[in-house]
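Working notes for the structure below.
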Amino acid sequence: MFEKIPVEVGLVHEGERVRKNDMQVELGGPHIAEKFEIVRVRPADQIEDGAIRITGPDISAMEEGKSYPIGIVVEIAGAKVEPDLEGVVERRIHEYSNFIEGFMHLNQRYDIWIRLSKKSYKKGLTSFRFIGEVMHELFKNELPIIEKVQITFITDPDTIRPLYAEALTTYEARDARARGLSDEEVDTFYGCALCQSFAPTHVCVITPQRYANCGAISWFDGRAAAGIDPKGPIYAIEKGTCIDAEKGEYTGVNESAKKRSMGEVSRVYLYSAFGYPHTSCGCFEGIAFYIPEVEGFGIVLRGFRDVTVNGLPFSTMADSTAGGRQIDGFHGISIEYMRSKKFMDADGGYNRVVWMPQETKERLKQYIPESVYGAIATEKDVKSIPELKAFLSAHDHPVMKRWETGPEAGQDALAGDGRHVQVFSGGDIPLTSGGFRIILKNARITAEKVIIQPIRPGGEHHGTQKP
Ligand code: SF4
């Protein structure tokens, strides 16, 4: 199928990393403000099947080691192809392009970050035409309802600008659709296992009020995808019985998570960052991170380039959060989930949020209760935890009620004696020692003191900031 492509194409290359020193070029990523990928459904007579167009410099015309703007527009048609499917098909760009040897695609929508390796470039992968041909073949073969596909790669900044603005409007319209629906109103949630190739125990549970961590798949998208391909990576989850309405624990979700994670995840709290939080693969749009000194949460989105109030940047905390694990207090989230009434509901919602970047705070203004909006600090207000504590006191932040009640406050984050910080809890914690695999069932690990240091481990997680 891929004889004319100068590099290998296959599952074996999914999850490959291209480090900075090994990259020929970078497309999108943190240094480029306007980048996007989008799928649009069009009438069949407007699509020239197999057409690959390039607007702006092709890869061969790009300077080695530099970053460039990128827009990818995939237009599809088919008798059974509905606009509802756009979001789901769009997420497959990530999957299919990662099959290409030496081509690394991270994130989604307006956050895409692509690198091409020098090795693959030297083998002849010098044009977007090859990338488009691979994507065209895979879209047609893997999703047979798609009858026609044309793909346009845009690298010219002046052409990208208006299309980027148009793409943002389209994403917002998709997201807004699910906002009127509550989790209680539906019997079925949806699961997504697309990221298991990077994080094998990660299972996204997509509900009307808990948008997928990547911010790319809504409950409506899940329903449309499961409808056309029930055995595919996006599948229906019967809710079952509600065990805990506040935390968002359902028998059907627990059973599904256990089955899809091969027993590693047996319980999921949909609306809490403690106990059995939703797993995080690595392509989350942001992180909610616990700040034990003030018993509140900081929020940081992927694009924030500075260090946060705890002295750590997004990339370091992303390493700690990712990998399909359930980490108490480090919680992968999407922006749309932050617009939901269920946002960390069991932990106090926005009454527990103490810090976030100014840009994020302004972006979410209409979703943050007015009563707490002014009491949430940003990087413009404070630079350290002591400054944060003083700011919260001066603004009478509701989290202070947890301080007043002494060591019992924040029991969900502290061990029973109130002196030990809980550093990990999970359904099953696997340890490997001397050739044996030991599984601690329903374990909680606590420590008197936790020191978090920014280190660069040998193996990084999927989707983290520094590939
Ligand atoms: S983050 Fe979740 S919903 Fe998004 S592609 Fe990965 S598994 Fe699917």
Side-chain angles (χ1 to χ4, degrees), residues 11 14-15 37-39 74 84-99 104-114 138-139 142-143 171 174-175 178 188-237 253 256-257 259-262 264-265 268 270 277-288 301-302 318 321-327 330-338 340 461-465:
L11 256 175
E14 205 180 11
E37 65 188 12
I38 196 159
V39 167
V74 178
D84 270 9
L85 288 172
E86 286 180 350
V88 174
V89 175
E90 194 173 287
R91 198 66 190 114
R92 297 293 180 99
I93 298 173
H94 172 69
E95 186 185 12
Y96 299 157
S97 61
N98 272 319
F99 287 176
M104 182 189 78
H105 178 293
L106 299 177
N107 311 333
Q108 61 287 316
R109 289 187 173 181
Y110 38 72
D111 252 348
I112 53 170
W113 185 359
I114 294 167
L138 288 169
F139 274 124
E142 301 287 314
L143 301 169
Y171 304 139
R174 277 188 210 154
D175 294 346
T188 308
F189 294 155
Y190 295 92
C192 179
L194 265 171
C195 291
Q196 283 199 337
S197 46
F198 299 91
T201 57
H202 173 65
V203 275
C204 263
V205 182
I206 304 160
T207 80
Q209 290 179 290
R210 199 191 191 291
Y211 213 96
N213 281 358
C214 58
I217 301 182
S218 71
W219 182 85
F220 282 102
D221 295 334
R223 188 177 68 172
I228 55 157
D229 183 13
K231 295 213 164 91
I234 299 176
Y235 49 88
I237 300 174
V253 171
S256 167
K259 188 169 148 211
R260 295 280 176 162
S261 70
M262 305 222 257
E264 293 288 330
V265 177
V268 179
L270 292 172
H278 189 287
T279 57
S280 304
C281 58
C283 34
F284 35 75
E285 291 189 290
I287 300 169
L301 299 189
R302 190 173 287 278
T321 309
R325 297 165 293 163
Q326 292 178 298
I327 312 285
F330 283 94
H331 197 40
I333 54 173
S334 62
I335 296 166
E336 192 56 31
Y337 176 44
M338 292 178 70
S340 163
H461 297 294
H462 169 48
T464 54
Q465 277 269 14

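Keep in mind that what you see is a predicted model, and the values were worked out from it rather than measured. Counting starts at 1 for both ligands and their atoms, following the listed order.
Applying the salt bridge (charged side-chain N to carboxylate O under 4.0 Å, His left out) test to Glu86 and every residue at least two apart in sequence or in another chain returns Arg40, Arg174.
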Next on the checklist: Let's go through Tyr171 and Glu90 carefully: what are the C-alpha distance in whole Å and the side-chain angles of both, what is the deciding distance for side-chain contact (heavy atoms from CB on, under 4.5 Å) to 0.1 Å, and is it a yes or a no?
Outcome noted: CA-CA 11 Å; Tyr171 304 139; Glu90 194 173 287; 3.6 Å; yes
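Looking at heavy atoms from C-beta onward, Trp219 lies out of side-chain contact with Arg210 at the 4.5 angstrom threshold. Counting only heavy atoms from C-beta outward, the side chains of Glu264 and Thr279 never approach each other to under 4.5 Å.
Between the side chain of Glu37 and the main chain of Ile93, no donor-acceptor pair closer than 3.5 Å is present.
Each protein N/O/S atom under 2.8 Å from atom 6 (Fe) of ligand 1 was counted, for a total of 1.
Considering Ile217, Ile206, Asp175, Ile335 as possible partners of Tyr211, the one that fulfils the side chain to side chain contact (heavy atoms under 4.5 Å, CB included) test is Asp175.
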